[in-house]
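The shown structure was predicted, so the numbers you read here are calculated from the model rather than taken from an experiment. Both ligands and their constituent atoms are indexed starting at 1 by order of listing.
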Amino acid sequence: MDEVLEKYLALEEKVKGYYPNLNTERMRAAFELSRAAHGNQKRLDGSPFITHPIAAAEITADMGLDEDAVIACLLHDSIEDTSVTYEDIAKKFGTTVADIVEGVTKLTRVVYTSKEEEQVENLRKMLMAMAKDIRVILIKIADRLHNLRTLNYQTQSKQSEKALESIEIYAPIAHRLGIQRAKWELEDLSLVYIDPIGYKEITSQIDNRRDSLEAFMNTIKTRISARMEHYSIKATVSSRLKHLYSIYRKMYSQNKDLSEVFDLCAFRVIVDSISDCYNVLGHMHDLFKPIPGKFKDYISTPKPNMYQSIHTTVIGSEGIPFEIQIRTWDMHHTAEYGVAAHWKYKLDISGNKQSDEEKYAWIRSLLESQKDTDAHDFVQELKIDMFADEVFVFTPKGDVTILTAGATPIDFAYKIHSAIGNRMVGAKVNGRLVPYDHMLQNGDIVEIITSNASKGPGRDWISIAKSSEARGKIKQWFKKEKREENIVHGKSAFDAEMKRNHLSMADMGKEDIIPAVLKKLSFGTLDEMYAAIGFGGITAVRAVNRVREELIRLKKQDKQLEKTQTEKLMPPAAAPAKDHSVRGIMVEGLDNCLIKFSRCCTPVPGDDVLGFITRGYGVSVHRAKCQNYLNSRARGEDEGRWINVSWGNTEGERYPTALTIAANDRAGLIIDIATALNAAKTKIHSLNVRDMGTGKALAFITIEVSDLVSLTSAMSRLKMIPGVSEVDRPGVNK
Ligand code: MN
């Protein structure tokens, strides 16, 4: 039998060991496809290339990853380096495997250049965001680990490049995912190439002392084991030298000699139960002298990456301090394999597939149980679509820029600098010219083409831009540069809106309400108002609403209708005070009247609102766009019962408001909606999903928000959920 097949069969055995329902034919087919595709390609050490995917898959098997992940790992270089395509893989192994392989390929294509710390952190986040599926990252770590193990065949420049990338990008990611085993190996292997001299110094010093260190470790180990036996505690005791890289960091950051490095040796006691852990701790502190301030209980307070153990540093009769870690087997698996341990040890033993909900249940419980921000960050980076509100792109120089999800080249340009945005005449994404409304994707390289001959931004850019930063800067430009044009533009928008409302400037003149409207909107002249509408400072709709309100008010004054009617309903109006709002609503001319918010259009602070005087239930508040209000006005009924209300002090108030979400029906949709709202810190009142047939679903939700800003942000998070086509506020005229 050939050597390659032998290696493959050993892998197959290993996977079967923890994954009893493995479809061996399917896995074998992946191996055969990969071997055929890589053909005569060779590794630098002369071995057939296929040995690399097999070795990487071995590492994923050590992590205990599922069948799809191991198969994807066998194929992980096939899209990048052979003629095999995404479609080929999808056809033979399904889209899950194909998606994972494609994800690994994308990560492989990201070019890394050494950066300052902030950039490195952004790059880490970007890799996580690009991965979408956590298995992509785990395979990438396995791939990198095997490449590091065989790095000695590479050129020197390649060696230092890969080593640096591993230590700055992949080791921290492994750490965050709690895969300590991979983290340590990545660090120790990288150190060889990053500081060969320092590495040799440490290893030779350790070698010199190896005999005495080992004798010491054996003595201590024997003492601990004897103690465990004497008290009949079932425990596995092990000893080890601390990892080279952690010794290295201590020596160099604290400028110490190896002999001065505190606790070079570490011991580990693994037991069956948590109560045994504390029991063992008592024995250790009885046996050795604990060093004050060196005790840490990560069992009661786990680290953000789920790590649990008790750490204590003690000193024996030899006068040498050392660390003891005490943990259960469960904790041990989590410490070694982190996120991956989830697959290995929580997998249904019958091999049943878990639903997405089950898979992510622990992430949610982690989110709920851990309040500290680190844990939150960790979860954000883990559940990849929690990055849904951000997109990571490169500048042509390779800097990572973080933008709002859905961002366009316009947002990118203004993020770099206003001057870049204002002089933009075109944009390229990954080398190709794109329209301004092109939606940027993670990992895109964005280049802005500028020209001094540019006439400035287009007015339509304001509606194309996704970030308030870009919109603000564009409006600023129009405000400054184009006053005349703004006036013309604003006047025509205002006139059109007036016409739409069956109002005319003649009405305004007759009633002499222009000064009142201008005063309300804080403008000195009509031109100022037009200019503001022109550059987008206020909307024409809002300006016309004020006109309408004034008209209604004047009409009321004329007819004295309202007075008599409201007096019947409400106690007489007190002297107007500064803010006599009830639930954040101020009713013109009335204090402390009964307020309710209409259910038809569920207004929130920031919405333009109107009040309707109900018969006996006080004032009900509607949005100016409310379909019921518009219908009532169209019919010409109840003219006098619509009154002016406005938002007062809404601090501390929460407003329930309704949303509808149209989406493709799929498993996990509800979780994604709940997760998105949770991420937006928005409380859900009710959530109902109705099957609309033909694979479509309509969700009706009521959420609690403080104002329009938080509502809009919650809505944009919902819009980012895969498969969601529309998020709407019901009950209004569109
Ligand atoms: Mn590879």
Exercise. More than 12 foreign heavy atoms under 6.0 Å from NZ of Lys158: is that the case here?
Worked result: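 Counting other residues, nucleotides and ligands, NZ of Lys158 stays at 12 neighbours or fewer.
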For this session: Output all residues satisfying side chain to side chain contact (heavy atoms under 4.5 Å, CB included) with Asp45, sequence neighbours left out; order by chain, then residue number.
Result: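 With sequence neighbours excluded, Asp45 shows a side chain to side chain contact (heavy atoms under 4.5 Å, CB included) to Arg43, Ser47, Tyr153, given in chain and number order.
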What donor-acceptor contacts under 3.5 angstrom involve side-chain atoms of residues 91-100, with partners at least two apart or in another chain?
from: Asp99; atom 1: OD1; to: Tyr86; atom 2: OH; distance (Å): 2.6

For this session: Look only at the side chain of His76 and the backbone of Cys73, and say whether a donor-acceptor pair between them is shorter than 3.5 Å.
Result: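 Checked: pair present.
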Problem set entry | Listed partners of Arg144 passing salt bridge (Lys or Arg N to Asp or Glu O under 4.0 Å), at least two apart |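 For Arg144 the salt bridge (Lys or Arg N to Asp or Glu O under 4.0 Å) partners, ignoring immediate neighbours, are Glu165.
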Problem set entry | Residue and atom names of protein N/O/S atoms that fall under 2.8 Å from the Mn ion (ligand 1) |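 Atoms qualifying: His52 NE2, His76 NE2, Asp77 OD2, Asp143 OD1.
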Problem set entry | Atom pair CZ (Arg149) and NE2 (His146), whose distance is rounded to the nearest 0.5 Å |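 If we round to the nearest 0.5 Å, Arg149:CZ and His146:NE2 are 7.0 Å apart.
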